[in-house]
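The structure appears right after this line, and notes come after that.
Residue numbering restarts at 1 for every chain, and letters A, B, ... go by the order of the sequence lines.
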Amino acid sequence: MNPADLSATLLAVVTRVLGRRGAEVAVGIGDVPLERPRNRDHGDWASNIAMKLAKPLGVAPRVLAEEIATELAATEGIAAVDVAGPGFINITLDAAAAGALARVIVEAGADYGRGDLYAGVTMNLEFVSANPTGPIHIGGVRWAAVGDSLARVFQSQGGLVTREYYFNDHGAQIDRFARSLIASWLGEPTPEDGYAGQYIEEIAARVVDAYPGELADIPDRAEVQEVFRSVGVEFMFGDIKKSLLDFGVAFDVYFHENELHESGAVEHAIDRLRELGAIYEADGATWFRSTDYGDDKDRVVIKSDGDAGYISGDLAYYLNKRERGFERNIIMLGADHHGYVRRLMAMTAAFGDTPYYNLEIMIGQLVNLVRDGVPQRMSKRAGTVVVLEDLVDAVGVDAARYALVRSSIDSQIDIDLDQWSRKTNDNPVFYVQYAHARTNAVARNAIAVGVDRSAFDAALLTHETESVLLGNLAEFPRVVRQAAELREPHRIARYSEELAGAYHRWYDSCRVAPQGDEPVTDLHRTRLWLNDATGVVLRNALALLGVSAPERM
RNA sequence: GCGCCCGUAGCUCAGCGGAUAGAGCAAUUGACUACGGAUCAAUAGGCCGGGGGUUCAAAUCCCUCCGGGCGCACCA
């Protein structure tokens, strides 16, 4: 009996009890909580439904609980139902009903854990989106890990996900980048507000090499800058793409901001807002009346000098995504951008869409670089920036991704490169990966001595550690669903650590392969199913995190 | 001044109203002539930042104060 069956059974019982009492209270499947209690003495599953319903019914919680428990206990597959504390209903499954899950999981394979929460929903996930003025520094790395993992989670819930990188190749920052390249080429000092560092020298040299003629022969400085801009950005972009791919993150769309400005999309978006009455002129500029939609001040969309204001790109981009058919649009930003949330939600409302539904903004707290416990100030000018490659070189892709995705995005992360690289055993990713490798080793050994999956008798899985392990395995689909609903992939990492622990403890007390001259029994065969089921779930969980599941370590 | 995030074991962090608040690391002590010891078992470690409130029940929700991070442009 899996959790879904048990939920349905409990709901049916509760509905019958309510009906008998002639209660006016209606309950749906979402109203009957069922959770795994921390304490093993409280059974396999527990529900507080009686306490929830006690008040509206005017009945003592324990009385209601007893009533539900009695009927529930008569259900096949349920070994015992107890009422405890203020009115908890504690349910213990019989071994056969609980153990059947092992076979279900092995047969489902990679499909175990999938759900239909976002079946058929078009979802656009925009993340990283670092400016192409330099390599991806560690601030962007967090989103590369979390955003990609979230995309995998949504996909496992049936979402039609597009990973999108907004490539900011328009505006003053790019001009500064181009001027920095020229300065490097001419051997001049880095311009004010410019970019410095080894990578600028390299990109500049590559631009010079790539140019078919002699850059020095071009008389017009603006023309030279345009060469450095377009070619330099292209090289920078290629480097960024490569490091993301090396990190295991493949974007479906790299969207160029420039395109919005050149294609007339910006005007289109402003026109649209004008039709909707959200645009006005004042002080020689064009404004978006965002205060009508909850923003704290109106925003300039066209500056008095005729240039587009910053928000106009966002307007056009959002409208473009909607016109491309995306129902759900999620943008992931660093905490230093949280001030944008209001204006972007105002924009969403102004377009007639639903804020926090058609558009969501996820804010991730910043990542600090720490050395020997002291926060390091990163400076592009001083060249003390730690970039994606540095992190990967130091600790590897799996360890880096896992460590980044393991924490809630609401908490700040300190990255101490020395510590992360030196004390790799501190990273729980190895604990989880080791558990997976162990499931493979156990299976190899078992098969070598003649254990196979030709028999499965779930009633034999009676050991304490087996029922705990089965309970953990049963939780996986709900964990994935919850991670999707809350946009919190870190839950999957935490879950995988719990599962790995349960597996290691089971391994310690239950043998799969017979030892010595022992004959192979159905117990061994059944345990092989359980072993393999654990391997499947660990593999599926790690896949959702973008971390490899090695067969040997 | 206004807004967002955080404050939980020595450290790093889980815990979207439930039972005795958990894990990893660090510390102490044990377990391999048994499927991989990157493991397991045990011990120790907590006014969940302070104070009010909401209710059968608060680390969790609300208010307030303290502490830390970040943000409040016709800059991008």
Give one of base, sugar-phosphate or nothing for [X], where a contact means two heavy atoms less than 4.0 Å apart.
X         : result
Arg511(A) : base
His337(A) : nothing
Ala448(A) : nothing
Asp336(A) : sugar-phosphate
Ala46(A)  : base
His504(A) : sugar-phosphate
Ile363(A) : nothing
Ala285(A) : base
Ser509(A) : nothing
Arg552(A) : base
Asn90(A)  : base
Asp410(A) : sugar-phosphate

Can you check whether Tyr434(A) stacks with the G36(B) base, using ring centres under 5.5 Å and planes within 30°?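 It does not: the ring fails the test against the base of G36(B).
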Taking the side chain from Ser496(A) and the backbone from Ala493(A), do they hold a donor-acceptor pair closer than 3.5 Å?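 Flag set: sc Ser496(A) to bb Ala493(A) pair under 3.5 Å.
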For atom [atom1] of [X] and atom [atom2] of [N], their distance in whole Å:
X         : N      : atom1 : atom2 : result
Glu488(A) : C13(B) : CD    : C1'   : 14 Å
Glu281(A) : C74(B) : CD    : C1'   : 13 Å
Lys297(A) : G1(B)  : NZ    : C1'   : 12 Å
Asp295(A) : C74(B) : CG    : P     : 12 Å
Ile413(A) : C70(B) : CD1   : P     : 16 Å
Asp41(A)  : A19(B) : CG    : P     : 14 Å
Tyr402(A) : C13(B) : OH    : C1'   : 12 Å
Asn368(A) : C11(B) : CG    : P     : 17 Å

Note: Arg179(A)-Asp175(A) ion pair, threshold 4.0 Å (strictly below): no
Salt bridge flag under 4.0 Å for residues Glu488(A) and Arg491(A): yes
Under 4.0 Å from any atom of RNA chain B, heavy atoms only: list the residues of residues 299-306 of chain A that qualify, in numerical order. Val300(A), Lys303(A), Ser304(A)
P atom, G15(B) versus G7(B): distance in rounded Å? 10 Å
Please give the distance between the C1' atoms of A38(B) and G50(B) as a whole number of Å. 43 Å
Could you give me the stems involving RNA chain B, meaning stretches of three or more consecutive Watson-Crick or G-U wobble pairs whose two defining distances are both below 3.5 Å?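 Looking at RNA chain B, the stems formed by three or more consecutive pairs are B:1-7 with B:66-72, B:10-13 with B:22-25, B:27-31 with B:39-43, B:49-53 with B:61-65.
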Closest nucleotide among C74(B), G37(B), G18(B) to the Phe88(A) side chain: G18(B)
N/O (side chain, Tyr431(A)) to phosphate O (OP1/OP2, G37(B)) under 4.0 Å: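 False: Tyr431(A) side-chain N/O out of range (4.0 Å or more) of G37(B) OP1/OP2.
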Establish, with yes or no, whether the OP1 or OP2 oxygen of G69(B) is under 4.0 angstrom from a side-chain nitrogen or oxygen of Ser411(A). no
